[in-house]
Amino acid sequence: MSMHNPPHPGEFIAATYMEPYGISCRFLAGKLDVAASTLNRVLKGQSGISPEMALRLSKSLGRSPESWLAMQYSFDLWQAKKSVKLSKVSKLDVDAA
């Protein structure tokens, strides 16, 4: 079952880990061994979670790498459903081919 309007993983990271505990972007970036600018792009929703970042997040924050990637996938699919026009796409009838 798909989530209605799932959050971007960066939004989830900020709301679940950073804001409640007063963790800065620079501090968390250091824990992840990435540049603060890289993490900042994720937090702002300008970049997605890559498999590499999923591994880093899993080790630093917990949750499985697969769950981080699933969160990104859910967000991306939700966004695509809102913007991709499918009116000219038709079903392929393989029996007629």
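Please read these numbers as outputs of a predicted model, since none were measured by experiment.
Residues in residues 45-56 take part in these side chain to side chain donor-acceptor pair (under 3.5 Å) pairs, two or more places apart or across chains: E52-R56. Applying the ring pair (Phe, Tyr, Trp, His ring centres under 6.0 Å) test to residues at least two apart or on different chains, the pairs with a partner in residues 36-74 are F12-W68.
D76 meets the side-chain hydrogen bond (donor to acceptor under 3.5 Å, both in side chains) test with Q72; sequence neighbours excluded. Listed by chain and number, the residues in a side-chain contact (heavy atoms from CB on, under 4.5 Å) with E66 are S64 (sequence neighbours excluded). With sequence neighbours left out, the side-chain contact (heavy atoms from CB on, under 4.5 Å) criterion links V84 to A80, L86. E19 is linked by a side-chain hydrogen bond (donor to acceptor under 3.5 Å, both in side chains) to nothing, counting only residues two or more places apart in sequence or in another chain. Qualifying side-chain contact (heavy atoms from CB on, under 4.5 Å) partners for S24, counting only residues two or more places apart in sequence or in other chains: R26, F27. Residues passing the side-chain contact (heavy atoms from CB on, under 4.5 Å) test with K59, sequence neighbours excluded: none.
One distance of note links CG of D33 with OG1 of T38; it measures 10.5 Å at 0.5 Å rounding. L61 contributes atom CG, which lies 6.5 Å from atom CD1 of I13 (distance to the nearest 0.5 angstrom). Atom OG of S58 and atom CG of L32 lie 11.0 Å apart (nearest 0.5 Å).
Taking Ile, Leu, Val, Met, Phe, Trp and Tyr as hydrophobic and joining them when side-chain heavy atoms fall under 4.5 Å apart, one finds F75 isolated, its cluster having no other members.
When all heavy atoms of S60 and L28 are compared, the pair lying nearest together is OG-CD1, 4.1 Å. What you find for L69 and A54 is that their closest heavy atoms are CG-CB, 3.8 Å. Closest heavy-atom contact between A14 and P20: O-CD, 3.9 Å. The minimum heavy-atom distance linking A36 with A29 is given by the pair CA-CB, 3.6 Å. Heavy-atom minimum distance, L55 versus P65: CD2-CG, 3.7 Å.
Under the 4.5 Å side-chain heavy-atom criterion for Ile, Leu, Val, Met, Phe, Trp and Tyr, V42 and Y21 are members of the same hydrophobic cluster.
Under the side chain to side chain contact (heavy atoms under 4.5 Å, CB included) rule, M71 has a single partner from R63, E11, H8, which is R63.
Contact check for K31 versus I23: no side-chain heavy atoms found under the 4.5 Å cut-off.
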